[in-house]
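This is a predicted model, so every value here is computed, not measured. Only this structure's heavy atoms are used, side chains among them; waters, hydrogens and symmetry mates stay out.
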Amino acid sequence: MGKSRSMSICLTDIPKERITKHANGKLYLAVSSYDFDKPDQYDNDFSLSLPLTEDQKTKKKAGEKVERVFIGNGRIWPDEGMQPSKTEYHDDLPF
């Protein structure tokens, strides 16, 4: 039996230059996730962030400290129909 993930992201913290427009006209955002060894203080099992840019990767390789843009977190649920309650959808996105 598999597992399901539920997550929440903060749209206001996403830099607009990280959103790419595909030839089909749709907007995309690349994200990375990191699974914690044990749940954090809020019972989250993983975090979501933006992947490092090429410039950030170069700085990190040079030993500089690079801050990731964290945009959310989430939980892993057994796939037994046990899902958290759904949140309301608001179409007031800034893009």
Side-chain angles (χ1 to χ4, degrees):
M1 185 162 284
K3 296 178 182 177
S4 296
R5 289 180 184 246
S6 63
M7 61 197 80
S8 173
I9 64 171
C10 178
L11 298 175
T12 57
D13 290 350
I14 298 172
K16 288 184 181 180
E17 66 272 8
R18 299 294 296 269
I19 299 170
T20 58
K21 189 171 187 175
H22 191 272
N24 64 10
K26 294 183 180 185
L27 301 173
Y28 290 89
L29 176 69
V31 298
S32 296
S33 69
Y34 176 81
D35 290 354
F36 304 138
D37 290 332
K38 61 180 183 175
D40 69 7
Q41 63 184 358
Y42 303 106
D43 210 25
N44 292 306
D45 299 304
F46 62 94
S47 68
L48 293 167
S49 63
L50 300 184
L52 295 178
T53 63
E54 291 302 317
D55 184 51
Q56 288 173 314
K57 289 176 187 177
T58 301
K59 288 179 179 179
K60 188 173 181 178
K61 284 181 183 176
E64 293 182 46
K65 185 176 180 179
V66 175
E67 295 290 327
R68 286 191 172 272
V69 177
F70 287 94
I71 58 170
N73 52 47
R75 295 182 181 164
I76 300 173
W77 304 85
D79 192 15
E80 299 171 352
M82 182 179 154
Q83 294 291 326
S85 62
K86 294 187 178 192
T87 57
E88 253 184 76
Y89 174 77
H90 299 282
D91 191 14
D92 58 350
L93 301 177
F95 48 85

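In terms of the salt bridge (Lys or Arg N to Asp or Glu O under 4.0 Å) criterion, residue partners of D35 (sequence neighbours excluded) are, by chain and number, R5. Under the rule for a side-chain contact (heavy atoms from CB on, under 4.5 Å), T58 has no partner lying at least two apart in sequence or in another chain. With sequence neighbours excluded, no residue forms a side chain to side chain donor-acceptor pair (under 3.5 Å) with S32. By the side-chain contact (heavy atoms from CB on, under 4.5 Å) test, D37 pairs with no residue at all, sequence neighbours left out. With sequence neighbours left out, the side-chain contact (heavy atoms from CB on, under 4.5 Å) criterion links D40 to F36, Y42, N44.
With side-chain heavy atoms closer than 4.5 Å counting as contact, directly or through intermediates, F70 stands alone and belongs to no larger hydrophobic cluster. Apart from Y28 itself, the hydrophobic cluster it occupies contains nothing, where clustering links Ile, Leu, Val, Met, Phe, Trp and Tyr at side-chain heavy-atom distances under 4.5 Å.
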Exercise. Run the side-chain contact (heavy atoms from CB on, under 4.5 Å) check on V31 and I9 step by step: do they pass?
Worked result: CA-CA 10 Å; V31 298; I9 64 171; over 6 Å; no
Exercise. Can you check side-chain contact (heavy atoms from CB on, under 4.5 Å) on I14 and V69, steps first, answer last?
Worked result: CA-CA 8 Å; I14 298 172; V69 177; over 6 Å; no
For this session: Step by step, work out the side-chain contact (heavy atoms from CB on, under 4.5 Å) result for L52 and R68.
Result: CA-CA 7 Å; L52 295 178; R68 286 191 172 272; 3.9 Å; yes
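The shortest side-chain heavy-atom distance between Y34 and S49 does not fall under the 4.5 Å cut-off. Side chains of Q56 and P51 form no contact here, defined as non-hydrogen atoms less than 4.5 Å apart.
Sorted by first and then second residue, the salt bridge (charged side-chain N to carboxylate O under 4.0 Å, His left out) pairs with a member in residues 46-59 read E54-K57, D55-K59; sequence neighbours excluded.
Atom CG of residue N73 and atom OG of residue S6 lie 9.5 Å apart, to the nearest 0.5 angstrom. Atom OG in S4 sits 14.5 Å away from atom CZ in R75 (nearest 0.5 Å). In this structure, CG in L48 is found 6.0 Å from OG in S33, a value given to the nearest 0.5 Å. Note that CG of D45 is 6.5 Å distant from CG of D43, once rounded to the nearest 0.5 Å. The line from CD1 of I71 to CE of M7 is 10.0 Å long, rounded to the nearest 0.5 Å.
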Scan the side chains in residues 60-67 for donor-acceptor partners under 3.5 Å anywhere in the protein, sequence neighbours excluded, and list what turns up.
none

